[in-house]
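We name chains A, B, ... by the order of the sequence lines, and we start the count at 1 in each one.
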Amino acid sequence: MDLNYSAADLQWRDEVRRFLDASLPADTRGRLLEGLPAGVEDIRRWQRTLYAHGWGAVAWPERFGGLGLSKVRQHLFELECATAGAPPQLPFGLKMLGPVLMQFGNPTQQQYFLPRILSGEHWWCQGYSEPGAGSDLASLKTRAVLDGEHYVVNGQKAWNTLGQHADWMFCLVRTDAAAKPQRGISFLLIDMRSPGISVRPTKLLDGTPEVNEIWFENVRVPVAQRVGEENQGWTYAKFLLEHERTSIAGVGVARRAMAHLRRVAAVHSQGGRAMIEDPLFRARVAQLDIELTALEITNLRMISQEASKTAPTPDASILKIRGSQIQQAISELLLETIGIRALPFAELPAQAPASPALPGPVHAAGLTANYLNLRKLSIFGGSNEIQKNIIAHMLLDS
Amino acid sequence: MDFSFSDEQGMLMDAARRLVTDQYGRDGARQRAATADGYSRATWSEFARLGLLALNVPEEHGGLDAGPIGTLAVCFVLGEALVVEPFLSSAVLATLAIARLGSPEQRLQWLPRLAAGEAIAVLAHEEGDGGPVATAVRTVAVADGGEWVLDGCKSVVYHAPAADLLLVTARIDAPTGAQTALFAVPPDAAGVALQPYVTVDGQRAADISLHQLRLPSSARMGAEVGADLQAVLDQGLAALCAETLGALERLMRMTLDYTRERVQFGVPIARFQALQHRMAEMATHLEFARSMTYLAASQCVAGEPAGRAAALSAAKVIVGQAARFVGQQAVQLHGGMGVADEYGVSHYFKRLLAAECRFGATAWHLTRYAGTL
């Protein structure tokens, strides 16, 4: 047992730091370190920058253009990027679809799509949830009916993240209505410019149009864009969920938020002293900082032991629950730091150069929107209640 | 980055498991708690026979020198069974203190006897109003002729009633500033008064008052002992976390088993989602406690002192809060069986309560950590 990074791991970390110092645009960095969200253009530009450096997908195997990094180095990469103020890399292509294509896609699909995910040329979105299928995803109703060399897709997807910018969607559709719910689902790749698709952005409670409703009306999808076998889509969807683990805890983003909290609490006063000097408030920050350390060590322990696992574990669910709770708690403390200055509110523009123009201290802008926005963390990707079901079933059935 | 135990550490765990299986039945801890000594001398001899008391004895004295991770491995297993023999007190804390601070004569005099189970030693340091900090000592030692004279009180010294040797810390107010000193004290020396009692977790402890205790100069161990003593206290805290983790893990298992077996409304109560979610939360606390226990031991191997103090406080907070949550919920989910003294859950509950309070309670460590922000 040795919980220190190896010398080679630290060398990698230093290399990442040098790269970030040289290549992360100052405007993006400033915006994210102030607790503001990355804009769409920040995300696009950053993926291009990473790709140009050969780091478009550090986790991917080398034969697909990645670095084949160990889990620990992937963790370090994401930690360093997040704490430096780099935008997130979109997970839909890199972390979700990519591994599915590598495992189940045919060579044509791999050769066409993987390089375009890597370069950022294709923005992918996920077509899973529907108005009647959220936690109970297998009850989805969007239909795909075979017609010669095409599927004809009809139905509606909901809570689709950032699909208004997407070029492609990987989508779960029902291809056998008679089979048991999990058995009749197929996994299709759909060009978002196909006739018959309409996209309606929906504002979240912070005012940002982060999710969409998407309708399919007789959308024709070539059979060649089905991944794997017909009616086996649920298997691929589960594979996808099980392989997005390294960053599910969100340690890097939480570390950035914690640093932000400490900066804001050091400059914002209530009752004549900086909030961080208030012993009660400071103890609450300390509690969260400790929990964040426990999350990080747990994350490292679980990814380090992943290779030697012989049976499924509730690890990913534990990381998801605690990671989301800690990020939400940091956003709550940030709000409490500024007291009544939390109330002047402006929706954040999709790509702002700076904070929204509001009276009051600059550091207060965006904190409320951030708090509102992060309510999603305990809901998406399998709500925390679903995660507890998963944990309990694994504990009780073993 | 490596979270696994080595083969040697695995063998230590196996040895501890054999001992626990042979010596502790379902009720081993409670049977021992009901005896006058509060532990079993026969079991203590088994500890020695299996080599476990040599765990922290340096190799040049014939010991295993197994280090903080080896200690973690053994203490985890002992915690699972709520072992009450003075392992943490004598084979971890006192043995480490003598190994690090004793003169060659003192080491030769005591380490073989401790390893053989022929003597028990305890470290009498904390005074009841602080955490496990080497410099937090109000007991004073004053030089008088060729002797030292000690006055002060030590609080809740686990296993002191069984001890053949007390290792007592005291402050020496020198012109250059206060020093922390360590003294080897025979428990029956004039000027030493033990007030023994049973602790809430059924173990034996004592408050110790020292009144005009006169000691020869040879009783002093080392000189200024602050840094070494701190390292010993830190290892003790890490070992307590490991014991606690073992108890937490066993209690989690007991709760899962009980809810699977207990039938109400015609179904095992484990089918109820309210209980399932509670157990998922317990498991989450347990996994955080496991991570931080590993971190604590790892810091004792390699951490520099300032970072080590923060990491140990973080670990104690997480382990203490896990002890509180898992303990309370285990009692709750066992219902009436949880509050019955004759059923095992209450014993785990009380051991976890003790763990929360020892080596600095949760609030103390949270405050210390907050000071490092």
Top of A:Leu300, A:Ile391, A:Ile290 for chain B proximity - count of heavy-atom pairs under 4.5 angstrom | A:Ile290
Heavy-atom pair count under 4.5 Å with chain B, highest-scoring of A:Ile276, A:Val72, A:Leu295, A:Val285 = A:Leu295
Quick one: what part of [X] sits under 4.5 Å from any heavy atom of chain A, side chain, backbone, both or neither?
X        : answer
B:Ala270 : both
B:Ile69  : side chain
B:Met252 : side chain
B:Val317 : side chain

Give, as side chain, backbone, both or neither, the part of A:Met302 having an atom under 4.5 angstrom from any heavy atom of chain B.
-> side chain
So, the part of A:Ile390 with a heavy atom under 4.5 Å from chain B: the answer is neither
Is there side-chain contact between B:Phe288 and A:Ile297, with at least one heavy-atom pair below 4.5 Å?
-> no
Where is the tightest heavy-atom contact between B:Ala283 and A:Leu395, given as atom of each residue plus distance?
-> CB-CD1, 3.6 Å
Determine the minimum heavy-atom distance between A:Ala283 and B:Leu366, stating which atoms define it.
-> O-CD1, 3.9 Å
Cross-interface N/O pairs, chain B with chain A, donor-acceptor, under 3.5 angstrom:
unit_1	atom_1	unit_2	atom_2	d
B:Met1	N	A:Asn4	O	3.3
B:Asp2	N	A:Asp2	O	2.8
B:Asp2	O	A:Asp2	N	2.7
B:Ser4	O	A:Met1	N	2.9
B:Arg260	NH1	A:Leu396	O	2.4
B:Arg260	NH1	A:Ser398	O	3.4
B:Gln273	NE2	A:Asn389	OD1	2.9
B:His277	NE2	A:Glu385	O	3.3
B:His277	NE2	A:Asn389	OD1	2.6
B:Glu281	OE2	A:Lys388	NZ	2.6
B:Glu287	O	A:Arg301	NH2	2.9
B:Glu287	OE1	A:Arg301	NH1	3.4
B:Glu287	OE1	A:Arg301	NH2	2.8
B:Ser291	OG	A:Thr298	OG1	2.7
B:Ser291	OG	A:Arg301	NE	3.1
B:Ser291	OG	A:Arg301	NH2	3.3
B:Ser298	OG	A:Leu3	N	3.4
B:Gln321	OE1	A:Gln287	NE2	2.8
B:Gln321	NE2	A:Gln287	OE1	2.8
B:Tyr369	OH	A:Asp289	OD2	2.6
B:Ala370	O	A:Arg282	NE	2.8
B:Ala370	O	A:Arg282	NH2	3.4
B:Leu373	O	A:Arg282	NH2	3.2

